[in-house]
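The block underneath contains the structure these notes are about, expressed in structure tokens.
Just so you know, ligand 1 is whichever comes first in the structure, and atom 1 is the first atom listed for that ligand.
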Amino acid sequence: MADDGMLLNFELGDAPLTSQVKFKGGRWRDRVRAQKSVNKPAAPAAVTAADDLHNSSRPTKRPRTDDDDGPPARQFKTAKPLNAPADKAPSHAMKTGQISSGLFTSNPAAVTSFEKPTEEEEPAQPSNAPLSDEAENFLALGLSRRVAQHLATKLEMKAPTAIQKNTIPQLIKDDCDAFLQAETGSGKTLAYLLPIIHRIMALSLNEDGTSKDIQVHRNSGLFAIILAPTRELCKQIALVVEKVLRCTPWLVSTTVIGGESKKSEKSRIRKGVNILIATPGRLTDHLDNTKVLDVGTVRWLVLDEGDRMMEMGFEEDIRTIINKTREAPLQKQNREGVRLDGILPSRRVTVLCSATMRMDVQKLGEISLKDAVHITASKSEMENDDSGATEAAFSAPAQLKQNCIIVPAKLRLVTLIALLKSTFARKGPAFKAIIFISCADSVDYHYALLKDTAVPEPPSPDAAPVKPSPHTEATVAPAAYITSPANPTVVLHKLHGSLTQPVRTATLNAFTNCKEPAVLITTDISSRGLDVPTVDLVIEYDPAFAVADHVHRIGRTARAGRAGRAVLFLLPGPEEGYTSILSSATPVAPQLYDSVLQKGLATAVHLPEGKLEDETEKHTWTSRAEALQLHFEQRLLAFAYSEYDENAPKISKKDKYAKGGKKEAIKPKDNPLLDSARQAFRSHIRAYATHVRDERGFFDITQLHLGHIAKSFGLREAPGGIGGGVAKRTHRPQDTKGSTNATGNSRPDRSARSAHAGKAGDDDDFGVVDETAARRMREKMMGVMNAASEFNLG
Ligand SMILES: Nc1ncnc2c1ncn2[C@@H]1O[C@H](COP(=O)(O)OP(=O)(O)OP(=O)(O)O)[C@@H](O)[C@H]1O
């Protein structure tokens, strides 16, 4: 066995692990068995292949800091559980045939140079805030006094943002198509909505501004259709429309977004609607089947987050919607005889809207726009003048602080906890964070891992009855690990597209309205358009599949001029080069993972039942990190092996070693958390293969050390069953140790990564991504998404 890097995580001893794992919940019989199992004396270790058996690589060059109390670069003995008596720390690992590699050893070194931050820099001036000049107001942009007053008094919006300032007069006076492109959180929704509502309201006004005798009402015709990619986004837009329409209660909006019966949507359309907010699929369905849906009076078609709709495969639906609205004869007056021309546009106007500019959007522009003006926060110009379009393609709000932490795979999980723990300890009670993860399985797993598993205390007789929503039972829970005495209640939420619509809606509402500090663990379902103004921190635990998605993800914070911070986790190696393309838009400051761990683990980790350490011993951040990792690994092993179960049929030595004398792991028992970890790992690896082609040099699946990645899921070895899209490489590439990849970064030593090798030093690469297979996989993911729900990366 290679010795370097292969360590037991703890010493071998014979004392029981008593308080390391506490079993709560479930049947009492299971709890008793589980507790007995951890109290049993240890048996000699049966060693099987571990995650990095082959990892005979170079020692870690872990960056060190001044007050570093970390371990040496190589260590042959790592920490024992902190609450185990000295020299007596038996482990599940010994019994299960598992070996766990040391947390701080055999980690590839980062090539990024980390500059020590000198002083807290002055935050940049917000770039997406309402304008501060007193002369800037909605009235001056041409909106009616009624709307301007309503915005100021009821919605507390006195001044427009830059994109609103450039869009509103344009869409009030001109009837040409428009492409709105501005940073996330810059108020694009109101930028296109206000002129539409202003012009519809004008149908009820005389030229002198007084009200006409006949006012338009819900039955006067459908004037605008707004399309958005997700139900969540549609609901959010509908809420904004509804708030603005409160100043004109005779106008009505509604949504057709699926997730409820088509019959009730039909009946709302029949009652009359002036502004319709829809997802493309559902609207196409209604255009085909709902006769009362008359698009003859429609003057505006807005495609919000157009690029996302294209990416999700809605191109056909969008084409159908555009063709059907264009083909319907344009009615110059409605059936009540109200003249529409002259007040509403004399042609159908299409507005395309996105914070990012990518190929999908250009294609959508070709399908939907004619002689469009390109409106940005700084100017408005005809589209064929493309200056400015690309420069703004990937910009993020200026006040948004961006960091990236280069974390070796094995340390990802503990670094995440440390980051959350220190952030929540420092921040006020209303602090909110979103963690983006690549797939739904991984969201499910991390939610299950981080939530407080303690059975809640029965409420005292005089306590007010709490009525938890039945829809959020499985998606909202108190968090463990990241709480602190300063911030004891952090509420964990999870959201992804495989959840049912009522659960998605209820969970999002719970997160938005949560008065406690809150974390939302989610997929890219939450990356677009989601407007929770109080989100302070976005963590990209898994990088986005494309830079455009990254821009939208981090845009969930720093909205409308507020401050915000985004942290991106990257692996040492090719991924480090990714910062070069991000920094071309906004600077991304690299951060040492050591400093994150040091800060977060300066104090004990809190479990619901107490601290995860023996207070009589001295602890360092490294020993706490090791203990925390061990704790997670033990949680996965807790119910996993029948050897722990006294009542389970005994497995004979003969059976154990049946296959040609090979050591066989003992058959695992059912452990939902372990199953979830394995499933999450597999989905994570598959998702990794779907990064867009242009960025795959940074996210190269052949560079992943699966054993180390497994450890970040609390697993001690990489489970099998990863297929589809990942083909075995047959030739060892030449660019091994010391070579430089396309990004200019030297690759980590490949010989360090042969855990999946057929033959050591030969066919040792895990696989290459076949482009067609990757595309198929991505399409499949999108396909599942469209069939089951509309937005599910998982
Ligand atoms: N003029 C304004 N004054 C104050 N707040 C505003 C103004 N306009 C919009 N906002 C607020 O800014 C936030 C972001 O608005 P909106 O969701 O429209 O941004 P966006 O540009 O569409 O962002 P994204 O690209 O992320 O979808 C919302 O909370 C909205 O209420």
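- Close contacts of ligand 1 with Phe138, meaning ligand atoms under 4.0 Å from a residue heavy atom, involve 1 (N).
- Interface of Gly529 with ligand 1, defined as ligand atoms under 4.0 Å from a residue heavy atom, comprises 27 (O).
- The closest protein non-hydrogen atom to atom 11 (C) of ligand 1 is Ala560 CB, 3.9 Å.
- Residues Tyr578 and Phe699 bring their aromatic ring centres within 6.0 Å.
- Looking at heavy atoms from C-beta onward, Val476 lies in side-chain contact with Val491 at the 4.5 angstrom threshold.
- Geometrically, ligand 1 and Glu156 share no nitrogen or oxygen pair separated by less than 3.5 Å.
- Using a 4.0 Å cut-off between charged nitrogen and carboxylate oxygen, Asp536 and Arg562 do not count as a salt-bridge pair.
- With contacts defined as side-chain heavy-atom distances shorter than 4.5 Å, the pair His550/Pro543 does not qualify.
- Comparing Asp531, Thr161, Leu190 by heavy-atom distance to atom 30 (C) of ligand 1, the nearest is Asp531.
- If you look at Pro130 next to ligand 1, the close heavy atoms, those under 4.0 Å, all belong to the side chain.
- Residue Glu183 has at least one heavy-atom neighbour below 4.0 Å for each of these atoms of ligand 1: 21 (O).
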task = Take Arg347 and Asp177, measure what salt bridge (charged side-chain N to carboxylate O under 4.0 Å, His left out) needs, and give me the verdict at the end.
result = CA-CA 10 Å; Arg347 62 181 284 269; Asp177 291 349; 3.3 Å; yes
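- Among protein heavy atoms, the minimum distance from atom 7 (C) of ligand 1 is reached at Met157 SD, 3.7 Å.
- Taking atom 17 (O) of ligand 1 as the reference point, the nearest protein heavy-atom neighbour is Arg559 NH2, 3.0 Å.
- Using a 4.0 Å cut-off to heavy atoms of Ser186, the atoms of ligand 1 that qualify are 19 (O), 20 (P), 21 (O).
- The number of heavy atoms from other shown groups lying within 6.0 Å of NZ (Lys165) does not exceed 12.
- Between Asp175 and Arg199 a salt bridge is recorded (basic side-chain N to carboxylate O distance below 4.0 Å).
- Protein heavy atom closest to atom 8 (N) of ligand 1, with residue, atom name and distance, is Gln164 NE2, 2.8 Å.
- Residue contacts with ligand 1: Arg556 is placed with a nitrogen or oxygen under 3.5 Å of a nitrogen or oxygen of the ligand (distance criterion only).
- For ligand 1, the polar-atom distance check finds no N/O of Thr184 at less than 3.5 Å from any of the ligand's N/O atoms.
- Polar contact with ligand 1: present for Gly185 (N/O pair, distance under 3.5 Å).
- Here the two rings, on Phe424 and Phe431, have centers that are under 6.0 Å apart.
- The protein heavy atom nearest to atom 18 (O) of ligand 1 is Thr189 OG1, 2.7 Å.
- Counting heavy atoms only, Lys188 comes closest to atom 20 (P) of ligand 1 of the residues Gln181, Gln236, Lys188.
- If you look at Glu305 next to ligand 1, the close heavy atoms, those under 4.0 Å, all belong to the side chain.
- Side-chain contact between Trp250 and Ser204: present, with at least one pair of heavy atoms (C-beta onward) separated by less than 4.5 Å.
- At a threshold of 4.0 Å, the pair Glu232-Lys235 does not count as salt-bridged, since none of the basic side-chain nitrogens sits closer than that to a carboxylate oxygen.
- Among Gly187, Pro160, Ala159, Ser527, the residue whose heavy atom lies closest to atom 2 (C) of ligand 1 is Ala159.
- The pair Arg528-Asp307 counts as a salt bridge, with a side-chain nitrogen and a carboxylate oxygen less than 4.0 angstrom apart.
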